[in-house]
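Labels below follow one simple rule: chain letters A, B, ... track the order of the sequence lines, proteins then strands, and each chain is numbered from 1. Below, each value reflects all heavy atoms present in this structure, side chains not excepted, and no hydrogens, waters or symmetry copies.
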2 protein chains.
Amino acid sequence: MNTLAEENYLKSIYHLSLNDVTVSTNQIAAALSTKAASVTDMLKKLADKELINYEKYQGVTLTPAGEKIALHIIRKHRLWEYFLVEKLNFKWDEVHEMAEEMEHISSVELIDRLDKFMDHPKHDPHGDPIPDRDGNFKKHELKPIASLNVNESGIISGVRDHSPAFLQYLEKQQLTIGKKIAVTDIIEYDNSMILQVENTTTHISREVAKNLLIAI
Amino acid sequence: MNTLAEENYLKSIYHLSLNDVTVSTNQIAAALSTKAASVTDMLKKLADKELINYEKYQGVTLTPAGEKIALHIIRKHRLWEYFLVEKLNFKWDEVHEMAEEMEHISSVELIDRLDKFMDHPKHDPHGDPIPDRDGNFKKHELKPIASLNVNESGIISGVRDHSPAFLQYLEKQQLTIGKKIAVTDIIEYDNSMILQVENTTTHISREVAKNLLIAI
DNA sequence: ATAATTTTTTAGACCTGTCTAAAAAATTTA
DNA sequence: TAAATTTTTTAGACAGGTCTAAAAAATTAT
Ligand SMILES: [Mn+2]
Ligand SMILES: [Mn+2]
Ligand SMILES: [Mn+2]
Ligand SMILES: [Mn+2]
């Protein structure tokens with residue numbers, strides 16, 4: 001159907017489209033750790049297949065067909081991540097690279113059965129929504145803890161940074177998905193925040209507060 | 001590490017080596033549905049990597065390193081087949097193509113956890129042995145039902161033909177792994193065999209009898 | 001033992017996906 | 001708005017893997 005490279009480009013374009021309406025050649029190159037010239041080559045191929053809208057120098061957007069493919073890859077990625085954590089007991093910081101390979105397994109029937117086997121999970125281990133087989137999901141509105149004021153609270157529901165280092169740090173601080181947090185103080189000097197997390201008090205930097213998301 | 005193509009070649013050579021000490025270029029080409037010229041190209045690469053012993057015109061054998069890789073791919077293939085049947089409820093004739101893709105997922109930790117998740121199965125859904133992480137397995141000695149005489153019996157433990165058509169036929173006749181069978185009669189005219197399978201009587205052709213294996 | 005046939009290898013081409021270097025276009029700066 | 005800078009595209013090359021056609025070696029038949 002589509003090559004591995006094509007799938008990875010479509011997925012990257014989809015993710016980048018969440019922040020910008022149109023996605024640039026250089027953004028894609030950075031996301032895929034490749035060179036701008038290679039991206040241009042691939043954009044032509046994807047445009048020929050009518051998976052993206054592309055005018056040279058104007059950046060790209062996904063066509064409905066391209067978005068559908070991207071969402072299917074993302075569905076597979078997140079279902080496999082859920083499987084790895086819930087069934088094989090991996091930690092949430094260990095599963096991304098494996099899922100990067102597994103998301104390219106092609107069988108639709110397989111992924112539907114996997115979905116059923118796990119009781120149709122709605123979110124992956126990092127709080128990201130899992131699209132259904134038609135690509136639909138309700139995008140939960142999240143905001144960073146950094147946007148809270150003192151005495152405001154919320155439930156941890158996602159992360160903006162998916163790096164193992166960040167995820168391991170959060171795990172150690174018990175700042176995991178589903179935990180209720182409240183802001184007890186904000187240090188004026190560096191804008192760092194003191195949080196109440198269940199029975200314990202935790203001090204996080206502004207940087208961390210920006211990358212840790214709560215449900216609105 | 002190794003490319004997908006290299007892994008498929010090593011696996012094919014391994015399987016072909018079970019029937020012949022040395023494996024020919026044409027045999028590999030047929031097994032992989034490719035051309036002899038392509039095989040020769042790849043054999044040079046695998047010989048350069050010291051994964052096969054290759055002298056031109058002399059056929060090939062796997063080196064210990066090549067065999068280790070082949071067994072690891074086969075381990076993954078069979079564990080995924082077991083997963084698909086036992087956990088996702090696929091039928092035994094549906095899983096091979098999916099496993100052909102899944103066997104190339106690289107993580108060793110993943111496959112060890114999968115093995116543990118399923119309680120270290122010793123055989124795949126077709127009765128083939130699953131190598132352990134070091135590539136060891138006890139090769140069960142099997143013989144075709146065709147080698148039995150009247151009144152002899154055995155337990156169905158494997159198949160020689162893995163095609164969906166054959167597997168579906170066996171399923172319909174209840175001739176599945178683990179079933180005890182006894183030969184009640186052999187028809188002289190065409191050498192077809194009458195079997196007692198639990199409470200029912202089944203009539204199978206010589207062709208089927210040759211491809212259905214019992215433990216010795 | 002020679003000829004005919006089959007198997008295997010070589011030669012040369014092509015496709016995908018990547019790269020570097022250089023040219024062209026767009027954007028930013030002054 | 002002209003110059004400097006940045007972004008993007010083009011040109012040309014290369015590696016992996018495949019193919020067809022033809023040559024070479026091995027095997028089988030006569
Ligand atoms: Mn991920
Ligand atoms: Mn995730
Ligand atoms: Mn199989
Ligand atoms: Mn099998």
Side-chain angles (χ1 to χ4, degrees), chain A residues 1-17 19-62 66 69-70 73 100-101 103-104 106, chain B residues 1-17 19-62 66 69-70 73 100-101 103-104 106:
Chain A
M1 181 70 193
N2 300 290
T3 67
L4 190 134
E6 286 169 346
E7 291 189 346
N8 285 334
Y9 272 88
L10 291 172
K11 182 164 59 102
S12 261
I13 294 166
Y14 178 88
H15 286 310
L16 293 166
S17 297
N19 301 317
D20 307 88
V21 182
T22 196
V23 176
S24 74
T25 300
N26 264 0
Q27 281 180 295
I28 299 168
L32 292 174
S33 301
T34 185
K35 297 300 154 77
S38 304
V39 174
T40 300
D41 288 346
M42 182 59 86
L43 294 183
K44 288 176 186 168
K45 289 175 199 166
L46 293 173
D48 282 349
K49 289 188 161 197
E50 301 189 55
L51 298 174
I52 60 171
N53 306 112
Y54 169 60
E55 301 284 337
K56 60 162 107 160
Y57 293 104
Q58 303 310 137
V60 296
T61 58
L62 292 175
I69 294 169
I73 307 297
E100 285 291 301
E101 287 183 61
E103 71 190 6
H104 301 289
S106 60
Chain B
M1 182 70 192
N2 301 291
T3 68
L4 188 134
E6 287 168 345
E7 290 189 346
N8 285 334
Y9 272 88
L10 291 173
K11 183 164 60 99
S12 260
I13 294 166
Y14 178 87
H15 286 310
L16 294 167
S17 297
N19 300 318
D20 307 89
V21 182
T22 194
V23 176
S24 75
T25 300
N26 265 0
Q27 280 180 296
I28 298 168
L32 293 174
S33 300
T34 186
K35 298 299 153 77
S38 305
V39 174
T40 301
D41 288 346
M42 182 58 87
L43 294 183
K44 288 177 186 168
K45 289 176 198 164
L46 293 173
D48 282 348
K49 289 188 160 196
E50 300 188 55
L51 298 174
I52 61 172
N53 306 113
Y54 169 59
E55 301 283 339
K56 59 161 111 161
Y57 294 101
Q58 304 306 285
V60 296
T61 58
L62 291 174
I69 293 169
I73 306 296
E100 285 291 302
E101 288 184 60
E103 71 190 6
H104 301 289
S106 60

Between [X] and [N], is there a contact of a side-chain N or O with OP1 or OP2 at under 4.0 Å?
{"X": "B/N26", "N": "C/dT8", "answer": "yes"}
{"X": "A/T3", "N": "C/dG17", "answer": "yes"}
{"X": "B/Y54", "N": "C/dT8", "answer": "no"}
{"X": "A/S24", "N": "D/dT7", "answer": "no"}
{"X": "A/T25", "N": "D/dT9", "answer": "yes"}

Handout entry: Selection from C/dT18, D/dG17, C/dT9 that lies nearest to any side-chain heavy atom of A/M42
Key =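 Side chain of A/M42 sits closest to C/dT18.
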Handout entry: Which nucleotide in C/dT10, D/dT9, C/dT18 has an atom nearest any side-chain atom of A/T40
Key =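 Minimum distance to the A/T40 side chain belongs to D/dT9.
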What is the distance, to the nearest angstrom, from the [atom1] atom on [X] to the [atom2] atom on [N]?
{"X": "B/L43", "N": "C/dT10", "atom1": "CG", "atom2": "P", "result": "11 Å"}
{"X": "B/Q27", "N": "C/dT6", "atom1": "CD", "atom2": "P", "result": "17 Å"}
{"X": "A/N8", "N": "C/dG17", "atom1": "CG", "atom2": "P", "result": "11 Å"}
{"X": "B/K45", "N": "C/dT9", "atom1": "NZ", "atom2": "C1'", "result": "15 Å"}
{"X": "A/K44", "N": "C/dT18", "atom1": "NZ", "atom2": "C1'", "result": "14 Å"}
{"X": "B/D41", "N": "C/dT9", "atom1": "CG", "atom2": "C1'", "result": "9 Å"}
{"X": "B/D48", "N": "D/dG16", "atom1": "CG", "atom2": "P", "result": "11 Å"}
{"X": "B/L4", "N": "D/dG17", "atom1": "CG", "atom2": "P", "result": "9 Å"}

Practice task
Test side chain to side chain contact (heavy atoms under 4.5 Å, CB included) on A/Y14 and A/L62 and set out the steps.
Solution key: CA-CA 7 Å; A/Y14 178 88; A/L62 292 175; 3.8 Å; yes
Handout entry: Under 3.5 Å donor-acceptor, A/E7 side chain and A/I73 backbone
Key =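 No, A/E7 side chain to A/I73 backbone: no donor-acceptor pair under 3.5 Å.
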Practice task
Working to the nearest 0.5 Å, report the span between OG1 of B/T25 and CD of B/Q58.
Solution key: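 The OG1 atom of B/T25 sits 10.5 Å away from the CD atom of B/Q58.
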Exercise for the section: Output the distance between atom CG (B/L16) and atom NZ (B/K11), rounded to the nearest 0.5 Å. Expected result: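 One gets 11.0 Å once the value is rounded to the nearest 0.5 Å.
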Problem - Intermediate values then yes/no, side chain to side chain contact (heavy atoms under 4.5 Å, CB included), B/T40 and B/K56 - result: CA-CA 9 Å; B/T40 301; B/K56 59 161 111 161; over 6 Å; no
Practice task
Start with the C-alpha distance between A/Y9 and A/T34, add both sets of side-chain angles, then the distance that settles side chain to side chain contact (heavy atoms under 4.5 Å, CB included), and finish with yes or no.
Solution key: CA-CA 11 Å; A/Y9 272 88; A/T34 185; 3.8 Å; yes
Handout entry: Within 6.0 Å of CD in B/E100, more than 12 heavy atoms from elsewhere
Key =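 Yes, enclosed.
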Handout entry: Check: A/N8 and A/H104 side chains under 4.5 Å, non-hydrogen atoms
Key =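 Result yes, sub-4.5 Å side-chain heavy-atom pair found.
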Exercise for the section: Indicate yes or no: at least one non-hydrogen side-chain atom of B/L43 is less than 4.5 angstrom from one of B/I28. Expected result: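 A side-chain contact exists here, since the closest heavy-atom pair is under 4.5 Å.
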Produce the list of close N/O pairs, under 3.5 Å, pairing protein atoms with atoms of nucleotides 20-22 of chain C; give distances to one decimal.
{"unit_1": "C/dT20", "atom_1": "OP2", "unit_2": "A/K35", "atom_2": "NZ", "d": "3.0"}

Exercise for the section: Apply side chain to side chain contact (heavy atoms under 4.5 Å, CB included) to the pair A/V23 and A/I52, showing each step before the final yes or no. Expected result: CA-CA 11 Å; A/V23 176; A/I52 60 171; over 6 Å; no
Which atom pairs link the protein and nucleotides 24-27 of chain D when you take only N or O atoms and keep those under 3.5 Å?
{"unit_1": "D/dA25", "atom_1": "O4'", "unit_2": "B/Y57", "atom_2": "OH", "d": "3.3"}

